[in-house]
Amino acid sequence: MATADSPGPAGPITAPAHVPDPDGAGGSAGAVEVSAKDVSRIARAAFVGTALEWYDYFLFGTAAALVFNHLFFTDLNALAATMASFATFGVGFVARPIGAFLFGLLGDRVGRRPTLIISIVAIGTATGVIGLLPTFGDIGIAAPVLLALLRLLQGVAVGGEWGGATTIAIEHAPPEKRGRYAAMVQLGSPVGTLLSSAAFTLVLLLPSDSVDAWGWRLPFLAAFPLLGVALLIRLQVEESPVFAQLMEDMEGEDQPKTSAFEVFRSGWRQLCVAVCVALLGVGGFYVMNTFVVSYATGTLGVERQPVVNATLVAAVVQIVVVLIFGRVAEKFGPGTVVAFGGVVTAVAAWPLFMLIDTGSILAITVAISLGIGVLTISYSVTGALLSELFPAHLRYTGVSLGYNLAGAITGFLPFIATALMGLQDEPSSTPAIVILAVVSLITAAGGFIGERWRVTDDLVVTSRGEH
């Protein structure tokens, strides 16, 4: 593999010079040592904070499919209201690259730790306030406008969350162990899904009128106490030793005013590959989760409760897949795992939706679980691969931008699939099948290229107790 300051496939992305071994012992220049206990603790802390952030973010997707369409867009017909609800859902994805740029700038210049604290406060506050919003029936058009603005704030905050959590976790880990620790951050997604789906599962036990009147607000209001828990966890996380060493190495030197511009200027090829790698984990998930929930309940006429229960089963499957393939990536490489997962998902797209189209809740549960399971093969190692496409001084920005540009591209996939379905004489799942297959193949190509473009850090973390 190339080093971080080698020319590489996309021209030079130069890393700051590192200092000689201060002890003169002939060791690796810039090497830092972290105890195995601390590595695990930091990874767990990154996971818990990320899980709570994804809980906040995923709540919106479930609510968009189940209640926002008729509570905030009531002047529209059923299809138009669902599309408008999904459009508002997609607005958060458009905002995520903005957040990636802003938080990436902070994370690469000020530090990973303070940036992650800011992000969690922003998203927790936005989510809790959504639970306080009046509906269309109360204040008219102002209701969906305020909903969209809060979704924008959610998107900006999440834009800096995942990349920062991944960066701080892998920068505390030795290179040969990064797969498993990056996978621990990825567990935040299924756990967040599990928490948000479970919250709505409990809410849907209420009478339908109560759900629409006040029940849907409860999961959003729960964001306030969860914010306190997440903030306490984030305050206990130490700064990345790699970042601390970079700042020491660059002391007295002129630092780039914005690392994001350097990513676009000299690392645009790596950024394009990063976007391709992340497409399936983000977009495919929302096809198999948000779109399928809407499609099954709205088009196929399946009851809401069992479909939401199916997403709970899928989240458990996702956790198992992440744990397995995080370790597999350490043996075969994260890019190889990403490519494999993309191909498998593309092949599975048609059979999965054939199961969904039966209208059987058992078949739908199997399809959602298998679909999210196979696309998670790629997602489980996305963080590990993206983190090795960029050198340390550009990592927070590069990883965040790559992941969240993919989110901006694919966040409207439920909207697009619903719109294309509306153009058909008889609504069918064909648009969703094509979309899922195409996204999967693009990710497979990104994984194949990314495995060959991985770089290593000049500043190496070693771990006591793991030799």
Side-chain angles (χ1 to χ4, degrees), residues 1-16 97 100-101 103-104 107-108 112 159-160 162-171 173 175-176 178-179 181-183 185-186 240 242-243 246 256 259-282 326 329-330 332-342 378-407 409 442-461:
M1 287 186 291
T3 61
D5 56 353
S6 65
I13 303 183
T14 57
F101 182 94
F103 284 101
D108 281 332
R112 285 53 161 137
W162 181 87
T166 298
T167 297
I168 203 168
I170 64 100
E171 287 185 348
E176 69 275 9
R178 283 181 169 180
Y181 292 119
V185 178
Q186 300 300 74
S240 155
V242 174
F243 178 81
L246 276 173
S259 57
F261 290 149
E262 188 175 349
V263 171
F264 285 119
R265 183 176 62 252
S266 59
W268 64 270
R269 288 186 178 89
Q270 284 93 337
L271 185 59
C272 289
V273 171
V275 171
C276 291
V277 167
L279 282 177
L280 178 58
V282 183
E330 293 177 356
F332 296 101
T336 303
V337 174
V338 167
F340 173 73
S378 295
Y379 179 75
S380 63
V381 297
T382 296
L385 181 55
L386 264 60
S387 69
E388 293 188 335
L389 287 174
F390 302 95
H393 73 298
L394 301 179
R395 181 166 291 136
Y396 198 131
T397 303
V399 170
S400 296
L401 279 173
Y403 186 80
N404 290 294
L405 285 171
I409 294 170
I442 292 173
T443 287
F448 179 81
I449 297 170
E451 181 63 26
R452 287 150 183 80
W453 287 12
R454 290 165 62 196
V455 299
T456 55
D457 286 340
D458 284 334
L459 301 171
V460 179
V461 174

[X] and [Y]: which non-hydrogen atoms are nearest, and at how many Å?
| X | Y | value |
| --- | --- | --- |
| Ala406 | Val275 | CB-O, 3.5 Å |
| Glu388 | Pro334 | OE1-CG, 4.4 Å |
| Gly326 | Ser380 | N-OG, 4.5 Å |
| Ser400 | Gly164 | OG-N, 4.1 Å |
| Ala329 | Val381 | CB-CG1, 3.4 Å |
| Gly402 | Leu386 | C-CD2, 4.5 Å |

Short question: side chain of [X], backbone of [Y] - any donor-acceptor pair under 3.5 Å?
| X | Y | value |
| --- | --- | --- |
| Tyr396 | Gly160 | yes |
| Thr166 | Gly163 | no |
| Arg395 | Phe390 | yes |
| Arg454 | Gly450 | no |
| Thr397 | Gly104 | yes |

**Fill in**
Which of Val277, Leu280, Leu385 passes side-chain contact (heavy atoms from CB on, under 4.5 Å) with Ser378? Answer is Leu280
**Which residues share a ring-ring contact (aromatic ring centres under 6.0 Å, His included) with Tyr379, sequence neighbours left out** =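 ring-ring contact (aromatic ring centres under 6.0 Å, His included) check on Tyr379 returns nothing, list empty.
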At what distance, to the nearest 0.5 angstrom, does [atom1] of [X] lie from [atom2] of [Y]?
| X | Y | atom1 | atom2 | answer |
| --- | --- | --- | --- | --- |
| Thr167 | Asp108 | OG1 | CG | 7.5 Å |
| Cys272 | Leu405 | SG | CG | 9.0 Å |
| Phe103 | Asn404 | CZ | CG | 10.5 Å |

**Request:** State which residues pass side chain to side chain contact (heavy atoms under 4.5 Å, CB included) with Ala169; sequence neighbours excluded, sorted by chain then number.
**Result:** Ala46, Val185
